[in-house]
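Heads up, the thing below is written out as structure tokens.
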Amino acid sequence: MKKIYTNEKLFAAFDLHSNNNYLAIIDKEDKRIYKKKLPNSPEMILTELESFRDNITGIVVESTFNWYWLVDLLMDEGYRLHLANPAAIQKYKGLKHSDDNHDAFWLAHMLRLGILPKGYIYPKSERPIRDLLRKRGHLVRLRTSLINSLQGIISRNCGCKLGANKIKAIKEDNVSPLLQGHDDISLSGTVSKETIDYLGCQIRKVENAILGKVKLKKEFVKLLTIAGVGKILSLTIMLETGTIERFPTVGDFASYCRKVPSRWTSNGKKKGKGNSKNGNKYLAWAFSEAAELSRRFDDQARAFYNRKAAKKNFMVAHSALAHKLSRAAYYVIRDQVAFDPRKLFA
């Protein structure tokens, strides 16, 4: 393909899907220069961009579930990449028609105007270990769902409750004796117990691999001084946060952790709510876990929780404690100081 532009500034954008993408290019006057639907083929994408390479000032890729490969491909080729945050992009509600063509040009248009809501491009070298830690969380949730199901089976058929720690015990089988005499129920319990034990082994395997490959960075070491935060939670916070400098204020960090309420008000009246899931769900989980552990094992955290629960309810108390811990973590990381519960719970 012959080169079309010699001195025009161009702005490109990809509307990315699972098996194809839509490339759109505009100039500084917002004139549509190029559009084409392409398969997710690195060779074809680079070939289509080559004739515009010297004129492209930036390329937008929407932060979809599969953006890694495309962003890495284009960055390795020397293009300037911008990761668009889809949760912060608002289209005109009066549009009667919208498609991939429009979406791609809309991204390029926002880049040209300098109003593109951008996401954080996490360093390529650190993504695999972060995703491995996320896989651990996935396995933990699967195990928890099986434990809850097995506890339900025992409660319905035996009229008693078996704690999670006893179900997870490897050296002793506390499940089979309770379900003896009922072949179908016994098989259900045996299958559940064996799967729980298998997931437990896989979780420990992943944990050992993570702990052997990554250490807490200097600015995150003090996280271990926070009540309820251990090695896995501190690594989760570190790997999901990236650099603390990308959060100008403690409120920005708490919001990213999904620990602030989403509410729209006007003249003192509630007028709706925003996207409560906007943020990082893994950080939300980490501080929720930290809140539960600190409530159990830290006197000052438990006292704060009890005061909130007495005034409202236990869910509000849990959320308030998690919010407090997320704010404390921000200052611990930013200032590299040890956690001081007196400042948090005074």
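Predicted model only: the values in this text are computed from it and were never measured.
Under the 4.5 Å side-chain criterion, counting only non-hydrogen atoms from C-beta, Ile154 is not in contact with Lys161. Contact of the Leu132 side chain with the Lys213 side chain is not registered, since no non-hydrogen atoms from C-beta on lie closer than 4.5 Å. Between Ser326 and Arg258, every side-chain heavy-atom pair lies at or beyond the 4.5 Å cut-off. With a 4.5 Å cut-off on side-chain heavy atoms, Phe65 and Ser18 count as touching. Phe314 places a side-chain heavy atom less than 4.5 Å from the side chain of Tyr305. At least one side-chain heavy atom of Ile237 sits under 4.5 Å from a side-chain heavy atom of Phe287. Contact of the Ser63 side chain with the Asn85 side chain is not registered, since no non-hydrogen atoms from C-beta on lie closer than 4.5 Å. Put simply, the side chain of Met75 reaches to within 4.5 Å of the side chain of Ile121, judged on heavy atoms.
The two residues Ala104 and Tyr22 have their closest heavy-atom pair at CB-O, 3.7 Å. Across every non-hydrogen atom of Ile203 and Leu139, the tightest pair is CG1-CB, 3.7 Å. Considering all non-hydrogen atoms of both residues, Gly189 and Leu150 come closest at CA-CD1, 3.8 Å. The minimum heavy-atom distance linking Ala84 with Leu116 is given by the pair CB-CD1, 4.0 Å. The two residues Leu321 and Ser294 have their closest heavy-atom pair at CD2-OG, 3.6 Å. Residues Leu178 and Cys158 share a closest heavy-atom pair of O-SG, 3.2 Å.
A chain of hydrophobic side-chain contacts below 4.5 Å, direct or via other Ile, Leu, Val, Met, Phe, Trp or Tyr residues, connects Ile333 to Leu133. Residues Ile129 and Leu211 share a single hydrophobic cluster, defined by chaining ILVMFWY side chains whose heavy atoms lie under 4.5 Å apart. Cluster annotation: Tyr68 is not connected to Leu239 through the hydrophobic network of ILVMFWY side chains, with a link wherever side-chain heavy atoms come within less than 4.5 Å. Put simply, Leu46 and Ile59 are part of the same group of oily side chains (I, L, V, M, F, W, Y) that touch within less than 4.5 Å, one to the next. By the criterion of side-chain heavy atoms lying less than 4.5 angstrom apart, applied directly or through intervening Ile, Leu, Val, Met, Phe, Trp or Tyr residues, Ile26 is grouped together with Met110 in one hydrophobic cluster.
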Evaluate the criterion side-chain contact (heavy atoms from CB on, under 4.5 Å) for residue pair Leu179 and Val175; output intermediate values, then yes/no. CA-CA 7 Å; Leu179 301 177; Val175 175; 4.0 Å; yes

Could you walk me through whether Arg130 and Arg127 satisfy the side-chain contact (heavy atoms from CB on, under 4.5 Å) test, starting with their C-alpha distance in whole Å, then the side-chain angles of each, then the deciding distance to 0.1 Å, before giving a yes or no? CA-CA 5 Å; Arg130 183 189 65 170; Arg127 268 187 241 138; 3.9 Å; yes

Chi angles and distances behind the side-chain contact (heavy atoms from CB on, under 4.5 Å) call for Arg136, Ile232: CA-CA 10 Å; Arg136 176 200 173 273; Ile232 294 297; 3.7 Å; yes

Determine, step by step, whether Leu199 and Val140 satisfy the side-chain contact (heavy atoms from CB on, under 4.5 Å) criterion, reporting the C-alpha distance in whole Å, the side-chain angles of both residues, the deciding distance to 0.1 Å, and the verdict. CA-CA 8 Å; Leu199 286 173; Val140 169; over 6 Å; no

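Ring geometry for Tyr120 versus Tyr122: interplanar angle over 60°, hence perpendicular rather than tilted (30 to 60°). Ring-plane geometry between Phe253 and Tyr330 is classed as tilted, the angle between the planes lying from 30 to 60 degrees on a 0 to 90 degree scale.
Within 6.0 Å of CG on Asp184 lie no more than 12 heavy atoms contributed by other residues, nucleotides or ligands. In this structure, Lys222 places its NZ atom where only 12 or fewer heavy-atom neighbours from other residues, nucleotides or ligands lie under 6.0 Å away.
Using a distance-only test at 3.5 Å, with no hydrogens or angles considered, no donor-acceptor pair links the side chain of Arg295 to the main chain of Arg302. Put simply, the side chain of Ser234 never gets that close to the backbone of Val229: no donor and acceptor are under 3.5 Å apart. Ser145 places a side-chain N or O within 3.5 Å of a backbone atom of Leu142 that can act as its donor or acceptor partner. Panel note: side chain Asp15, backbone Asp103; no donor-acceptor pair is recorded below 3.5 Å. Put simply, the side chain of Asn280 never gets that close to the backbone of Tyr256: no donor and acceptor are under 3.5 Å apart. Of the possible polar contacts, none joining the Lys193 side chain to the Ser176 backbone as a donor-acceptor pair under 3.5 Å is found. One N or O on the side chain of Thr195 and one on the backbone of Val191 form a donor-acceptor pair closer than 3.5 Å. In terms of modelled atom types and a separation under 3.5 Å, the side chain of Lys308 and the main chain of His318 share no donor-acceptor contact. Here the side chain of Ser155 pairs a donor or acceptor atom with the backbone of Gln151 at under 3.5 angstrom. With Thr241 contributing its side chain and Met238 its backbone, the two residues share no donor-acceptor pair below 3.5 Å.
Ile210 contributes atom CD1, which lies 13.0 Å from atom NZ of Lys231 (distance to the nearest 0.5 angstrom). Ser41 OG to Asn20 CG: the interatomic distance, rounded to the nearest 0.5 Å, is 12.0 Å. Taking CG of Leu23 as the start and CG of Asn101 as the end, the distance is 11.0 Å to the nearest 0.5 Å. Taking CG of Asp30 as the reference point, atom CZ of Arg112 lies at 4.0 Å (rounded to 0.5 Å). Taken from CG in Leu233 to CG in Leu224, the straight-line distance is 10.0 Å, to the nearest 0.5 Å. Here the straight-line distance linking atom CD1 of Ile167 with atom CZ of Arg143 works out to 11.0 Å at 0.5 Å rounding.
Aromatic ring centres of Tyr34 and Phe52: separated by under 6.0 Å.
The closest side-chain donor-acceptor pair between Asn19 and His17, if any, does not fall under 3.5 angstrom. Side-chain polar atoms of Asp252 and Thr249 form a donor-acceptor pair below 3.5 angstrom. Inspection of the Glu62 and Thr64 side chains reveals no N or O donor paired with an N or O acceptor under 3.5 Å.
Between Glu8 and Lys31 there is no salt bridge, since none of the side-chain N atoms of the basic residue sits less than 4.0 Å from a carboxylate O of the acidic one. Comment: Glu240 engages Arg134 in a salt bridge, judged by a side-chain N to carboxylate O separation of less than 4.0 angstrom.
With Ile196 as reference, Ile147 is the one residue of Ile170, Thr144, Ile147 to meet the side chain to side chain contact (heavy atoms under 4.5 Å, CB included) rule.
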